[in-house]
Participant: 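The structure is given below, and queries will be raised subsequently.
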Amino acid sequence: MSNSNQNLVPKPDKLCRVPRVKYLLKNAAKSKSLRHATQIHSQIVTTNDASVSNINSLLLVYAKCGSIDHTLLLFATTPHASSNVVTWTTLISQLSHSNNPSRALACFNRMRSTTLIYPNQFTFSAILPACAHAPLLSHGQQIHALLLKHGFQTDTFIATALVDMYAKCGSMSLAQNVFDQMPHRNLVSWNSIIVGFLKNKLYGCAIGVFKEFIQKTSLFPDQVTFSSVLSACAGLVALGLGKQVHGSVVKRGLVGLVYVKNSLVDMYCKCGVFQDATKLFCDGGDRDVVTWNVIIMGCVHSQNFEQACNFFKDMIREGVEPDETSYSSLLQASASIAVLAQGTLIHSRVFKTGHLKNACVLSSLVTMYGKCGSLFDAYRVFGEVKDRNVVCWTAMIAVCHQHGCGNEAIELFEEMLREGVVPEYITFVSVLSACSHTGKVDDGFKYFNSMANVHHIEPGLEHYACMADLLGRVGRLEEAWRFIESMPIEPDSSVWGALLGACGKHGNVEMGREVAEKLFKLEPDNPGNYVLLSNIYTRHGMLEEADEVRRLMGINGVRKETGCSWIDVKNRTFVFNVNDRSHSRTQEIYEMLQKLKELIKRRGYVAETQFATNSVEGSEEQSLWCHSEKLALAFGLLVLPPGSPVRIKKNLRTCGDCHTVMKFASEIFEREIIVRDINRFHRFTNGSCSCRDYW
DNA sequence: CTAGGGTTAG
């Protein structure tokens, strides 16, 4: 070994130690290893190397390792730490970014009360994110005033932090004000205002600023710009624009970056082109938990529930740990499939992975249990939630309503208001529906009027439809008509549809015809309207007119959706169509139905042949006994253990005759029978239904 | 030695 080589090895003398500590600190910050940090800490102490700059670096390393406790301890135990503005700034910055906005603010105030220490520009840009994070507009404004006094308003870092703070506190006008007055703006400044508009759901403004940014500056958009703009496109459901942005992303070579990719996949999902989203998702490249969440949600929104569950399994197989969003989306999928066993399995998984505290997960659980037909479990989960937010309350109210417990839904709503939780747009949809199903017209109007007057929520079509239903159900058809005519927004098919249903219920042929004609224009392809009007005519003996409606249906090429029911038995789903004879136990099923028919006839059952729609004269009764939900019931009675509940799902509204039969069956077989039809639950026990025959 | 912006959920 030559002499020159030996000289390259650092000597353990005092001169070499200072850079060595700096080097170690840098590495520790990168590796985020708390063990390394504590080792360096003891080295600094034993070698008497506790210079202010080393202590400050170490503070930062502790914070980067995620240990605010170590940071605070070091600050408290270092003499003279509180006499250095950099030390304070480091501490404040780390508190701001570690979910401790109030501690950051307290720290800032303590620093200010320390004489001879004055905040510098770094301190201000460190404290503003705390106000943004809280969010605390009044504190932010105070700090704004303070930094004006110090003359820092032209600093690009500080002004950018101000824009972000005002945006996150919900005041885009103040954010825009600061932005407009900036003498110099860089990429981060532009990104901040774009993100601000995005977060305040002002998607059009976000895109407007983006266009201005492209035209007026020579700066290049980065992944932050693109992911935000794509998110705005998703919010606007602007596929054309989204594709254009996708083009720019490709041109800039940023398509592989995971943030950008996630936003792209999400944009395609939200714009309804799920195929494009899947293609992009499968194209390879980096995927993180958000990529998976986005595609799973995309499946849910495009009704591909099975696929959502499969993606979830793939995600786990690839070693990506699901987070709260994943569980929330998966629960939505299984709520829609409504397999209670699967939902329960996910519940236990959520419990095991410690995600049972998240409000969204809990709300999804409530909804899942509700949609799987278990009001009891939904209530149980709801009862365990500590901090119920409006989402939780709304979920529980909706579940009650779907299960026919309108009174309980309204009581829950009142309880929610008493607890000071502010209701939202969707909350009122469930509350007004509950009023309608319980015939509470006055309460309904009270809540409806409180929307605008008390809660400043503009009623939408869903709410007007509820009100039309509310008046229509109790037979106040003329009032309902006038109510619709007085609407400030154009009534759509859901509003007129509610009134048509009421015309059917109360046998108003004249109004029914008029309403149906409006509906035929609004949605010529919806078979439900033709069927409703035809049924109104049939019940009034106007058979020619009924035939005419059916002919019109044929001319318009509308086909009635065929009834289909399914039932889950031991992790398998069995599907039954109307008149189904394809099941291997068909003979037993029809024998079971025959037996049931004889039993209930002795108890007074009379076939309600008006629900027999597609049959030859004289065989109406027979056709009723081929309805899919009856077939599923018979199969359930055959294979399910005695006493266990029968859970049936149906793709259409359940028919009146089946409803009656289910009531009888629940009594005779001493079983709970739960039928989920297209819009609600029927829970049959001891001969009666939870809907009180009112649906 | 200290500073500002990001995707998903009812």
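All chains are named by letter (A, B, ...) in the order of the sequence lines, taking the proteins before the strands, and each is independently numbered beginning at 1. What you are looking at is a predicted structure, and each value in this text was computed from that prediction instead of being measured.
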Participant: Are more than 12 heavy atoms from other residues, nucleotides or ligands located less than 6.0 Å from atom CG of D180(A)?
Facilitator: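 Counting other residues, nucleotides and ligands, CG of D180(A) exceeds 12 neighbours.
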
Participant: Quick one: does D222(A) reach the base of dG6(B) with a side-chain donor-acceptor pair under 3.5 Å?
Facilitator: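 By the distance-only test, no, there is no pair.
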
Participant: Contact class for S192(A) vs. all strands (heavy atom < 4.0 Å): base, sugar-phosphate, or nothing?
Facilitator: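 Sugar-phosphate: the residue S192(A), judged by heavy atoms under 4.0 Å, touches backbone atoms but no base.
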
Participant: With hydrogens left out and only the distance checked, is there a donor-acceptor pair under 3.5 Å joining T160(A)'s side chain and the base of dG4(B)?
Facilitator: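 Under the 3.5 Å cut-off, the side chain and the base do form a donor-acceptor pair.
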
Participant: What nucleotide among dT8(B), dA9(B), dG4(B) has an atom nearest to a side-chain atom of S189(A)?
Facilitator: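 The listed nucleotide nearest to S189(A)'s side chain is dG4(B).
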
Participant: Which of residues 292-303 of chain A have a heavy atom under 4.0 Å from DNA chain B?
Facilitator: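 By residue number: N293(A), V294(A), M297(A).
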
Participant: Starting at CG of L254(A) and ending at P of dG6(B), how long is that distance when rounded to a whole Å?
Facilitator: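 Going from L254(A) (CG) to dG6(B) (P), I get 18 Å.
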
Participant: To the side chain of L60(A), which of dG6(B), dG10(B), dT2(B) is closest?
Facilitator: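 Looking only at side-chain atoms, L60(A) lies closest to dT2(B).
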
Participant: Rounded to the nearest angstrom, tell me the gap between atom CG in L128(A) and atom P in dA3(B).
Facilitator: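 Result: 14 Å.
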
Participant: Consider the side chain of T156(A), meaning its heavy atoms from C-beta on, and name the nucleotide among dT2(B), dT8(B), dG4(B) that approaches it most closely.
Facilitator: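 The listed nucleotide nearest to T156(A)'s side chain is dG4(B).
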
Participant: Just call it for N358(A): base, sugar-phosphate, or nothing, with non-hydrogen atoms closer than 4.0 Å on any strand.
Facilitator: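 Result for N358(A) = base.
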
Participant: Categorize H97(A) for me: base, sugar-phosphate, or nothing, with a 4.0 angstrom heavy-atom threshold over every strand shown.
Facilitator: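 Sugar-phosphate contact only - H97(A) comes under 4.0 Å of backbone atoms but never of a base.
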
Participant: NA contact type, L59(A), heavy-atom cut-off 4.0 Å: base, sugar-phosphate, or nothing?
Facilitator: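 Touches nothing.
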
Participant: Would you kindly give the CD1-to-P distance between I92(A) and dG4(B), to the nearest whole Å?
Facilitator: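 Those two atoms, CD1 and P, are 12 Å apart.
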
Participant: Quick one: are the ring centres of W88(A) and F75(A) less than 6.0 Å apart?
Facilitator: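 When the ring centroids of W88(A) and F75(A) are compared, they turn out to be within the sub-6.0 Å range.
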
Participant: Going by the ring pair (Phe, Tyr, Trp, His ring centres under 6.0 Å) test, name the single residue among F210(A), F197(A), F213(A) that passes it with W190(A).
Facilitator: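 Of all the options given, the one that passes is F213(A).
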
Participant: Is K270(A) close enough to dA9(B) that one of its side-chain N or O atoms is under 4.0 Å from OP1 or OP2 there?
Facilitator: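 Indeed, a polar side-chain atom of K270(A) lies that close.
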
Participant: When you look at F351(A) and Y327(A), which way does the ring pair (Phe, Tyr, Trp, His ring centres under 6.0 Å) test go after all the steps?
Facilitator: CA-CA 11 Å; F351(A) 176 73; Y327(A) 284 112; over 10 Å; no

Participant: Can you confirm whether E318(A) is buried at CD, in the sense that more than 12 heavy atoms of other residues, nucleotides or ligands lie under 6.0 Å from that atom?
Facilitator: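 Count over threshold, so yes.
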
Participant: If the cut-off is 4.0 Å, is K64(A) near the phosphate of dT2(B), judged by side-chain N/O to OP1 or OP2?
Facilitator: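 So the side chain of K64(A) is outside the cut-off, no N or O lying under 4.0 Å from OP1 or OP2 of dT2(B).
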
Participant: Mind calculating the distance between CG (L25(A)) and C1' (dC1(B)) to the nearest angstrom?
Facilitator: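 My rounded result for the distance is 10 Å.
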
Participant: Any heavy-atom pair between the side chains of F382(A) and L362(A) that's under 4.5 Å?
Facilitator: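 Not in contact.
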
Participant: Of the nucleotides dG4(B), dT8(B), dG6(B), which one has an atom closest to the side chain of S228(A)?
Facilitator: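 Closest nucleotide to the S228(A) side chain: dG6(B).
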
Participant: For a quick check of understanding: with a heavy-atom distance under 4.0 Å over all strands, which category does T87(A) fall into, base, sugar-phosphate or nothing?
Facilitator: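 Nothing, no nucleic acid heavy atom in range.
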
Participant: Using a 4.0 Å heavy-atom cut-off, does Q332(A) contact any base of the nucleic acid, only the sugar-phosphate backbone, or nothing at all?
Facilitator: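 Sugar-phosphate only.
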
Participant: Among dA3(B), dT8(B), dT2(B), which is the nearest nucleotide to the side chain of D155(A)?
Facilitator: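 It is dA3(B).
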
Participant: Could you tell me whether the side chain of T217(A) reaches within less than 4.5 Å of the side chain of R185(A), counting heavy atoms only?
Facilitator: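 Counting from C-beta outward, R185(A) and T217(A) never come under 4.5 Å.
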
Participant: Just checking S329(A): base, sugar-phosphate only, or nothing, at a heavy-atom cut-off of under 4.0 Å?
Facilitator: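 Since no nucleic acid heavy atom lies under 4.0 Å of S329(A), the category is nothing.
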
Participant: If you check the S263(A) side chain, which of dC1(B), dT7(B), dA9(B) turns out closest?
Facilitator: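 Between dC1(B), dT7(B), dA9(B), the one nearest the side chain of S263(A) would be dT7(B).
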
Participant: Of the nucleotides dC1(B), dT7(B), dA3(B), which has the atom closest to the S227(A) side chain?
Facilitator: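 Looking only at side-chain atoms, S227(A) lies closest to dT7(B).
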
Participant: Hey, could you give me each pair passing side-chain hydrogen bond (donor to acceptor under 3.5 Å, both in side chains) that has a residue in residues 221-237 of chain A? Not counting sequence neighbours.
Facilitator: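 Matches after skipping sequence neighbours: N191(A)-D222(A), N191(A)-T225(A), D222(A)-T225(A).
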
Participant: Among dC1(B), dT7(B), dG10(B), which nucleotide sits nearest the side chain of T394(A)?
Facilitator: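 Within the option list, the nearest is dG10(B).
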
Participant: Taking the minimum atom-to-atom distance to the side chain of N262(A), which one of dT7(B), dG10(B), dA3(B) wins?
Facilitator: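 My answer, after comparing the listed nucleotides, is dT7(B).
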
Participant: Would you mind telling me which of dG6(B), dT7(B), dC1(B) lies closest to the side-chain atoms of N56(A)?
Facilitator: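 Among the listed nucleotides, the one closest to the side chain of N56(A) is dC1(B).
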
Participant: Could you give the CG-to-P distance, from L356(A) to dA9(B), as a whole number of Å?
Facilitator: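 It works out to 21 Å between those atoms.
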
Participant: What residues form a side chain to side chain donor-acceptor pair (under 3.5 Å) with H133(A), not counting sequence neighbours?
Facilitator: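 Residues passing side chain to side chain donor-acceptor pair (under 3.5 Å) with H133(A): N99(A).
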
Participant: By a 5.5 angstrom centroid cut-off and a 30 degree plane limit, is there stacking between Y259(A) and dT7(B)?
Facilitator: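 Aromatic stack with dT7(B) absent for Y259(A).
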
Participant: Would you say R103(A) and L72(A) make side-chain contact, with heavy atoms under 4.5 Å?
Facilitator: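 Side chain of R103(A) against side chain of L72(A), heavy atoms only: contact under 4.5 Å found.
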
Participant: Figure out the NE2/C1' separation between H133(A) and dG4(B), and round it to whole Å.
Facilitator: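 My rounded result for the distance is 15 Å.
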
Participant: How long is the line joining CG of L187(A) and P of dG4(B), in whole Å?
Facilitator: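 Whole-Å distance recorded here is 15 Å.
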
Participant: Would you say dG4(B) has OP1 or OP2 under 4.0 Å from some side-chain N or O of K168(A)?
Facilitator: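 K168(A) to dG4(B) OP1/OP2: no side-chain N or O under 4.0 Å.
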
Participant: Please report, rounded to the nearest Å, how far the P atom of dC1(B) is from the CD1 atom of I44(A).
Facilitator: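 Atom CD1 in I44(A) sits about 14 Å away from atom P in dC1(B).
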
Participant: Would you mind classifying the nucleic acid contact of V188(A) as base, sugar-phosphate or nothing, using non-hydrogen atoms under 4.0 angstrom?
Facilitator: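 Since a base atom lies under 4.0 Å of V188(A), the category is base.
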
